[in-house]
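Written out below as structure tokens is the structure these notes cover.
These values consider heavy atoms only, across backbone and side chains, with no hydrogens, waters or symmetry-generated copies. A note on names: the letters A, B, ... follow the listed sequences, proteins ahead of strands, and every chain is numbered from 1.
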Number of protein chains: 2
Amino acid sequence: MDSLKAKQNFRLHLEPYAVFTDSEWELFCNHLEFVSLKKKEYFVEAGKVCQHFGFVHKGSVRYFHVSDGTDITGYFSFENEFMSSYKSFLKQEPAVNYIQTLEDTELILISHKSLQQMLADERLAYKMERFGRLVAEYYLCCYEDRVAAFITQSPEERYLKLLETGRDILQRMPQHYVANFLGITPVSLSRIRRRILA
Amino acid sequence: MDSLKAKQNFRLHLEPYAVFTDSEWELFCNHLEFVSLKKKEYFVEAGKVCQHFGFVHKGSVRYFHVSDGTDITGYFSFENEFMSSYKSFLKQEPAVNYIQTLEDTELILISHKSLQQMLADERLAYKMERFGRLVAEYYLCCYEDRVAAFITQSPEERYLKLLETGRDILQRMPQHYVANFLGITPVSLSRIRRRILA
DNA sequence: TTATTTTCTTATCTTAAGATAACGTTTTCT
DNA sequence: AGAAAACGTTATCTTAAGATAAGAAAATAA
């Protein structure tokens, strides 16, 4: 991976959350790790502590749970989106889920240890606290919407909404992943699709 | 309301998120508002911007959506818990939900304007950023669990889990509020309860 | 206290989702 | 290219949830 380009792109996409001076940016970059994963490789596995907060530079990942042998999709992250098993990462406790790449994927990572170091480094602390706050707030809002969708909408309504706003999900994800992202089975989504066409 | 006691209690419950020096605490307290609401009064109404982030000193509140005339519970907050229509508050956009007291309730409030002032005040900025980050992260983790419950568990399983962990919800909330908190109708919850007893 | 509203249960009917299996198609792997 | 795996649809059967209405019990208000 071209880590120079990746860094530039990362800096750009961080702007809503943190604008670094050049010297801050240099300190920050010392903590970044660049990792390329092949399709279907795991970034997080259930039972292990998620050690990194990540940014998808290229490719995409899927976050899913496994129960009774079937896997159930929680969400997806595409290019230029953050990705982590947040609870596991933040609390440094074993994850209850997996994160797996869906394609060959390039990630920029910040380890929990690095984050703590930056939060403890006077030169970066304030900016990192703010960065963390804004990222967490962003995801808080996303989750608020997602919970609202589950309690106020039927599966069919959730699918129709996804059709409107669906980002890359519908184009790039196999339908059975989309199905349990919506909280239903693949068979059920197939029926919903037919119902809508009729 | 005894605002001195309320302040003390608030300071105690903020400790996981922010520990203030006495002088910081004094600055912080200048921004606090103390409000008593009667049962069934509204703290947030759909269509209006949520202006405050709140802490429940006494009593309890319910967060709910209204669609097609029926109301659907999103969550509850009890004594010593935070409460806000986060997305509306953070983005200062119209809320899509209501927040209503369930009993006579005493709240400690921070207005959006006050929060911005504190974030801009050199003497408090760092601590407030950190405070904001830790609160947002806390709720992020709660929401992560809540979404996981919707996609991995059946309504019955969610109810059984609530029986185990249910805080005050089951004791203090009417059952039809609990029902749509679980994403189902009151009638359906009643059936689940019967099924479990049998 | 009486009247009214709220709350919970139960019953009926309709609708849709889950489980499972079969089949054809497409993709992936070697 | 050929074999295997993954994917999407369809069908059947079972189960449970939604909609609606009615009635009893409890809480609240006048």
Point to revise | Full working for side-chain hydrogen bond (donor to acceptor under 3.5 Å, both in side chains) between A/S111 and A/Q51 | key: CA-CA 6 Å; A/S111 73; A/Q51 297 294 355; over 6 Å; no
Point to revise | Candidate pair B/R130 and B/L134, rule side-chain contact (heavy atoms from CB on, under 4.5 Å), full reasoning | key: CA-CA 6 Å; B/R130 185 176 176 85; B/L134 293 171; 4.0 Å; yes
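The side chain to side chain donor-acceptor pair (under 3.5 Å) test applied to A/S85 returns A/N97, not counting sequence neighbours. Under the rule for a side chain to side chain donor-acceptor pair (under 3.5 Å), the partners of A/Q175 that lie at least two apart in sequence or sit in another chain are A/R193.
Annotation: the terminal axes of the helix from C/dT1-D/dA30 to C/dT30-D/dA1 meet at 60°, where each axis is the rotation carrying the C1' atoms of four end pairs onto the next four (5 pairs per end, rounded to 10°).
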Revision key, fill the gap. 5' to 3', nucleotides 22-30 of chain D under a 4.0 Å protein heavy-atom cut-off (B base, S sugar-phosphate only, - none) gives ------S--
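Pairs passing the salt bridge (Lys or Arg N to Asp or Glu O under 4.0 Å) check and including a residue from residues 77-86 of chain B, sequence neighbours excluded, read B/E79-B/R172, B/E81-B/R167. Evaluation of the ring-ring contact (aromatic ring centres under 6.0 Å, His included) test over residues 113-140 of chain A, restricted to residues two or more places apart or in two chains, returns A/Y86-A/Y139. Evaluation of the salt bridge (Lys or Arg N to Asp or Glu O under 4.0 Å) test over residues 8-23 of chain B, restricted to residues two or more places apart or in two chains, returns B/R11-B/D22. Residue pairs that meet the side-chain hydrogen bond (donor to acceptor under 3.5 Å, both in side chains) test with at least one member in residues 181-190 of chain B, sequence neighbours left out, do not exist here. Residue pairs meeting the salt bridge (Lys or Arg N to Asp or Glu O under 4.0 Å) criterion with at least one member in residues 134-143 of chain B, sequence neighbours excluded, are B/R133-B/E137. Sequence neighbours left out, the pairs with a member in residues 46-61 of chain B that pass salt bridge (Lys or Arg N to Asp or Glu O under 4.0 Å) are B/E45-B/K48.
In this structure, A/F64 and A/Y98 have parallel ring planes: the angle between them is below the 30° cut-off, well short of the 60° mark.
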Please tabulate the protein-to-nucleotide N/O contacts below 3.5 Å involving nucleotides 3-11 of chain D, giving atom names and distances.
residue : atom : partner : partner atom : Å
D/dC7   : OP2  : A/H176  : NE2          : 3.0
D/dG8   : OP1  : A/Q175  : N            : 2.8
D/dG8   : OP2  : A/Q175  : N            : 3.0
D/dG8   : OP2  : A/H176  : N            : 3.1
D/dG8   : OP2  : A/H176  : ND1          : 3.0
D/dT9   : OP1  : A/R193  : NH2          : 3.4
D/dT9   : OP2  : A/Q175  : OE1          : 3.4
D/dT9   : OP2  : A/Q175  : NE2          : 2.4
D/dT9   : OP2  : A/S190  : OG           : 3.2
D/dT9   : O5'  : A/S190  : OG           : 3.3
D/dT10  : OP2  : A/R194  : NE           : 3.2

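Each of B/H52, B/E33, B/M118 was scored for a side-chain contact (heavy atoms from CB on, under 4.5 Å) with B/I110, with one residue passing: B/M118.
Here the range on DNA chain C touched by chain B, meaning any atom under 4.0 Å from one of its heavy atoms, is C/dT7 to C/dT12.
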